[in-house]
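To find a chain, count down the sequence lines: A is the first, B the second, and so on, and within it residues start at 1.
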Number of protein chains: 2
Amino acid sequence: MTVRIEDVARLSGVSTATVSRALRGLPGVGGRTRELVFQAAKALGYTPSPTASSLASGRTHSIGLIQPDMSRWFFSTVLECAEQTFRRAGYDALVYSLPDYLGPDRQRFKARDLVGKVDAVLVLSLFFDRQEEAELHSLGVPAVFVSVRQEGYSHVGIDDEQAAAQACRHLITLGHKTIGHLSGQTNDLCPFAPTQRRRDGWKQTLQRFNLECSDSLDEAVTIMTASNGYLATNRLLDRRPDVTAILASSDEMAMGAVQAIRERGLTVGGDVSVIGIDGHDLGRPFGLTTVAQPVRKQGVAAAEVALKAVEGDLAQKTVIFPTSLIERTTVGPPPAR
Amino acid sequence: MTVRIEDVARLSGVSTATVSRALRGLPGVGGRTRELVFQAAKALGYTPSPTASSLASGRTHSIGLIQPDMSRWFFSTVLECAEQTFRRAGYDALVYSLPDYLGPDRQRFKARDLVGKVDAVLVLSLFFDRQEEAELHSLGVPAVFVSVRQEGYSHVGIDDEQAAAQACRHLITLGHKTIGHLSGQTNDLCPFAPTQRRRDGWKQTLQRFNLECSDSLDEAVTIMTASNGYLATNRLLDRRPDVTAILASSDEMAMGAVQAIRERGLTVGGDVSVIGIDGHDLGRPFGLTTVAQPVRKQGVAAAEVALKAVEGDLAQKTVIFPTSLIERTTVGPPPAR
DNA sequence: CTGAAAGCGCTTACAG
DNA sequence: CTGAAAGCGCTTACAG
């Protein structure tokens, strides 16, 4: 039924070894022979069996994309760009969802789910503990971490601390003095987590300007969704009605904050200002002021680093992209007293 | 280095055939023998080579997810749920991006990219022309279409015409008489495309109520993003400043419409009302009135249909989910004249 | 530049 | 219930 390499070999009058080499563009095949093989392959409509060639060569030509939740914009956008970069290079993208809830009973990464299936992995925004790192190591393929940084691995991301500081400075410049923060879950084991570093950026900037940065201004959520941002904002404003501005660690949380503020009968950008971090595609119609990160570029860059590693360049690399303030309508000066 | 089935066979004192059967839970293995094999496998940390077993069995245990653009919420949300459903059943998810721009030079689906790599495919919101259908057929695996309907294949989606009609009736009930429409690209070759059917739902509802439904009220875009919705709304309102309500074929377009209306100094839900279709997660903080579809359920349902097909149940199935109106703040009565 | 042959690590009739 | 052996369809030293 399906045509095999042997059929091509027979038709072109050479051995299967030569067909294999010719079709893959390996050196050491005569120009004339190569031509013949191509014609035969085309005439028969030959497509090599990927699983047979994987078994023989030990390479799968696919990359694992480990991430917490595709339905969130940041992840899906990185994935989309990574996938296209991989496909252009002839690699398939295998997505693997691993919830990023940090509870004690959380699901951990298991190498066996991916062993023998991928030539490299991208890990998005997931912190791996010692156990998971061991699993990753036993997978035996290069890994690049996006957004989160992991000791000993390549990394692409932004300077999260600076991003938060940038947002915070913008608010301070406008005159805000009581600035709340909506943060993601932090974990002592992972001081490099973006959520941790954004929180640090907020805190240190307030300190530098001699402004209050007590814990009562910080409200943490488990996962950084709009609805969690909404709930967190209500808790924050219940406790600290004197807050005049909120820095949310993600745009989706910021949008939830905006909703909460409006529902309380307050004006956004007037009574309470809101700034996010991300540069979400829907931030524009939303009117959301934010510190944007180049998300698509991170997807492409991460894929390129992974591709290089697959091709033998195992040097540990770090790619950090700059962020930029986008002013829209959710931030204004603090209300006059 | 890696442990093979032979190592397990040797340690447990049986043949590789028996190990293979025992580990996969096939019948015809003695309880005692099975136990021995499990222990040996565990002791050695054995994980079967997926590519070897694929080559031998002809099954890959992975499913292709063909879709236009993961960075858009609808697709990524369907994918996320499908992926989890597949993984729970022991299948990997291979994503494959295929832009849904319908230009003459568009990239077409090629079977060879996926042949031998998947046991089934999900196709999201992509219309396949005759050529692509032939490619899909030559792939030789079952396919289920989500959102778009394809002759001869299983399908999961909503009643797009009814969804648009539902939105339209809501506007009419409030007293709107001049209702614009933001539609996706339509294609004569594909009368079952959601965009086409939503447009039909809009048009027929207006006709039923004896309201204007001329082409000058309909503005089409290539892909249904917020920024295209924004541009389309400006074109529509330039041409027809008398429009008091807009039905957008997607929530993202609706958000763009809201932005455009505000920028023109008009009030949303006052001067011009906007209703979307989708039930986007961010519609809530946005305050967007919409006709929601159960997106996650569609992802799960599509995956289940595909899984059944892989397991031999090739009957063509159709799963249609109901939609529901969600009233928020972007729709109000038309302005008093 | 080219070929014969072993090998990748499983699964599956087939025979017992 | 179990095993010997062929077979899945390639790739890759090795030899020439």
Open item on the list: With rounding to the closest Å, how many angstrom separate the P atoms on C:dC14 and C:dC10?
Closed with: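 These two P atoms come out 24 Å apart once rounded.
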Task: C1'-based separation of C:dG16 from C:dT12 [nearest Å] - done: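 That atom pair is separated by 16 Å.
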Between [X] and [Y], does any side-chain donor sit less than 3.5 Å from a side-chain acceptor?
X	Y	result
B:Thr18	B:Ser15	yes
B:Glu133	B:Gln150	no
A:Arg112	B:Tyr46	no
B:Arg72	B:Ser76	no
B:Tyr96	B:Asp113	yes

Task: Pair A:Glu83-B:Ser97, side chain to side chain donor-acceptor pair (under 3.5 Å): steps then yes or no - done: CA-CA 7 Å; A:Glu83 191 272 343; B:Ser97 292; 3.0 Å; yes
- [ ] Check side-chain hydrogen bond (donor to acceptor under 3.5 Å, both in side chains) between A:Asp92 and all other residues, then give those that pass, not counting sequence neighbours.
- [x]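 Checked A:Asp92 against side-chain hydrogen bond (donor to acceptor under 3.5 Å, both in side chains); matches are A:Arg87, B:Lys117.
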- [ ] Identify, residue by residue, the members of residues 56-64 of chain A with a heavy atom below 4.0 Å from DNA chain D, and return them in order of residue number, or none.
- [x]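 Residues of residues 56-64 of chain A that come under 4.0 Å of DNA chain D are, in numerical order, A:Ala56, A:Ser57.
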Open item on the list: Which residues in residues 14-28 of chain A have a heavy atom closer than 4.0 Å to any atom of DNA chain D?
Closed with: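 Hits under 4.0 Å, by residue number: A:Ala17, A:Ser20, A:Arg21, A:Arg24.
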Open item on the list: Is the ring pair B:Phe109/B:Phe128 parallel, tilted or perpendicular, if the boundaries are 30 and 60 degrees?
Closed with: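 Plane angle under 30°, so parallel.
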- [ ] Determine yes or no for a side-chain-to-main-chain donor-acceptor pair under 3.5 angstrom, with B:Glu135 supplying the side chain and B:Arg130 the backbone.
- [x]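 No; zero donor-acceptor contacts below 3.5 Å.
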Open item on the list: Using only atom types and a distance under 3.5 Å, with no angle test, would you say the side chain of B:Asp119 pairs donor to acceptor with the backbone of B:His61?
Closed with: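 Present.
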Task: Residue pair B:Ala120 / B:Val310: nearest heavy atoms and the distance that separates them - done: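 Closest approach of B:Ala120 to B:Val310: CB-CG2, 3.6 Å.
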Task: Closest contact, heavy atoms only, A:Glu304 versus A:Thr85 - done: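 Answer, listing the atom of A:Glu304 first, then A:Thr85: CG-CG2, 4.1 Å.
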- [ ] Whenever both distances are under 3.5 Å in a Watson-Crick or G-U wobble pair, mark it; put DNA chain D into dot-bracket that way, with [ ] for crossing pairs and | when the partner is on another strand.
- [x] |||.||||||||.|||
Open item on the list: Does atom CZ (A:Arg106) have a neighbourhood of more than 12 heavy atoms from anything else shown, all under 6.0 Å?
Closed with: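 Enclosed.
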TODO: Measure the shortest side-chain to side-chain distance between B:Ile66 and B:Leu114 over non-hydrogen atoms and say whether it is less than 4.5 angstrom.
DONE: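 They are in contact (side-chain heavy atoms under 4.5 Å apart), so the answer is yes.
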Task: Pairwise side-chain contact, A:Val144 with A:His155, heavy-atom cut-off 4.5 Å (strictly under) - done: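 SC-SC contact between A:Val144 and A:His155 ruled out.
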Task: Start and end of chain B contact along DNA chain C [non-hydrogen atoms, under 4.0 Å] - done: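 Span of nucleotides near chain B: C:dG9 to C:dA13.
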- [ ] Pull out every residue in residues 33-55 of chain A that has a heavy atom closer than 4.0 Å to any atom of DNA chain C, ordered by number, or say none.
- [x]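 Heavy-atom contacts with DNA chain C come from A:Thr33, A:Leu55.
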